[in-house]
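Read the structure below first, then the notes.
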Amino acid sequence: MIQHIGAAILAGGQSSRMHTSKADLYYEGNSFLRRTLRTIPPYPETLLSVRDSDDFADLGIPTVPDLIPDCGPAGGIYSILSACQSDWMVILSCDMPLLKRELIEYLTAFVSSDYDACVMKDRSGRVHPLCAVYAKSCLPVFQKALESKTYKLQTILDHLRVKYVPLEFSAFADSMLSNVNTPEEYRALPRRPVIVAVCGKKNSGKTTLLESILPYLCREGLQIAAIKHDGHDFVPDVPGTDSYRLRQAGAHAVGIFSSRQCLSYSYAEGTTFETLIEQFQKHDLILLEGGKTTDYPKIEIVRKEISLSPLPNITNRIAICTDLPLKGQNVPLLPVNNPKSVAAFLLSYVEKCRAEDFHTF
C-alpha cells in the first residue's frame, strides 16, 4: 500500500532560552524557518505549526495554530496530525539549521505499516522526536496524552510502535540533528559562505554585472566563487587539449592541475546549485548567476531595454539593480551602471551576515 507522506515544521515555540523567535534567526543569509522549508523534499503537503494563525502568513504555507495552547511540541504535533491529509507527517523543529534533505529522505525510507513512528537517534544514543515521521494514526495517543497533561514526547513515544533510526550506520553527521536553543549555541554554529543569486530576465546583463563587481570585491580580500546556470548543454573543455581527448576517449571525469590551479569536470545528471555550493565551502562569498526560483537572497537586475518592472513572485530579494526610477519597492535600488556601488552593497551585506548574529541578546 502506498504511504502518502507530508511534512510539517514546528515554529510556534516560546524560545524562552533564546529570548527571541528561533524561526527568525538568520544563518547563511536565510532565516532558520526558510532554511528548513528549503530542506523539505517536495511533498504534496507541507504545513507550519504556529501559535497564532497570522504567524508567518507571508510564506504562503498553510499554518496550523495550536488546538490546545501551551502544550509544547506535543501540542504542535497533535494539531498537525489533526489537520493533515497525509498518512504520515515528517515533523521537524525549526531550530536545526544544519539539517540536510538527504537525511529526511533517509529517515522516510524506514516508513512501514509495522510502525507508528520513525525517529532519528544520534551516535550518543539521544533520541530526536522532532526529527521524526509520525503516522496520522498516532492521533488518539497524542490526544489521550494531552488530556492527561502528559507533554513529554519520550513518554508519548513509549505508547507507540517506534522504529528508532540510528545515525551510527549512516554517513550523516550528528551535527545535522543539533538544536540551537541558546545564544551561545547560535554563535557556535559553523559559518559558511554567504550566498547571493544575481537574477533577472534573459539578456539583462547578469554576467556583465558580475564581471564588473568582482574586482572591487576581490580588492577587499574576499575569496569568491561564481556559479553559473546554463540552460543549454555546454562544452566544458577546449577541443584538442589532452583533457578533452581523455574525456572523448571515455573518461567519466577529468582533472587537470598545475602548481597554482586545478580544473575538474564530470558528466552528472541532476546537478543543482546546491551540488556545486557544497564544493565551495571555503570561500567567503558565492555568487550565483541565475537562481531566481531558489530561496537564496537575490539581487535582481531590471534594465529598461529588457523590462520595465521587477519579476513577480521573487522571494528573498535583497536589492534591485536598475537604471529605472522604480517606485514602491521595499528593497534598496542600486545603479546598474555603477559596479562600485553594487560591490559596496554586497560587501556590506557580507559583513552583516558575518556578524555574530542579527539580534541583541
Report task. Measure centre to centre between the rings of Phe142 and Tyr134, then say whether the value is under 6.0 Å. Result ->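 Yes - the distance between ring centres of Phe142 and Tyr134 falls below the 6.0 Å cut-off.
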Query - Over 12 non-hydrogen atoms of neighbours within 6.0 angstrom of CD in Glu185 - result: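 Yes, enclosed.
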Taking [X] for its side chain and [Y] for its backbone only, find out whether a donor-acceptor pair lies under 3.5 Å.
X: Arg161; Y: Asp114; result: yes
X: Asp87; Y: His4; result: yes
X: Glu300; Y: Val198; result: no
X: Lys298; Y: Thr315; result: yes

Query raised in the report: So which of Asp116, Ile156, Ile77 actually passes side-chain contact (heavy atoms from CB on, under 4.5 Å) with Cys138?
Result: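 That would be Asp116.
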Query - side-chain contact (heavy atoms from CB on, under 4.5 Å), paired with Cys321, selected from Ile213, Asn338, Leu334 - result: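 One option only clears the test, and that one is Leu334.
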Requested in this report: Examine the side chains of Lys22 and Asn181 and answer whether a donor and an acceptor come within less than 3.5 Å of each other.
Outcome: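 Checked: Lys22/Asn181 side chains pair up, N/O donor to acceptor below 3.5 Å.
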**Report entry** Residues forming a side chain to side chain donor-acceptor pair (under 3.5 Å) with Ser148, sequence neighbours excluded
**Finding:**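 So Ser148 forms a side chain to side chain donor-acceptor pair (under 3.5 Å) with Thr150.
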Report task. Using the rule that two of Ile, Leu, Val, Met, Phe, Trp, Tyr join whenever any of their side-chain heavy atoms come within less than 4.5 Å, decide whether Val350 and Val342 are in one cluster. Result ->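 Per the 4.5 Å side-chain linkage, Val350 and Val342 are co-clustered.
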**Report entry** Cation over ring face, Arg35 and Phe32, 6.0 Å, 45°
**Finding:**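 Because its charged atom misses either the 6.0 Å distance or the 45° angle limit, Arg35 does not stack over Phe32.
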**Report entry** N-O pairing of Arg38 and Asp295 below 4.0 Å
**Finding:**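 Not counted as a salt bridge, because no side-chain N and carboxylate O are separated by less than 4.0 Å.
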**Report entry** Sequence neighbours excluded - salt bridge (charged side-chain N to carboxylate O under 4.0 Å, His left out) pairs with any residue from residues 123-141
**Finding:**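 Salt bridge (charged side-chain N to carboxylate O under 4.0 Å, His left out) check on residues 123-141 returns Arg123-Asp174.
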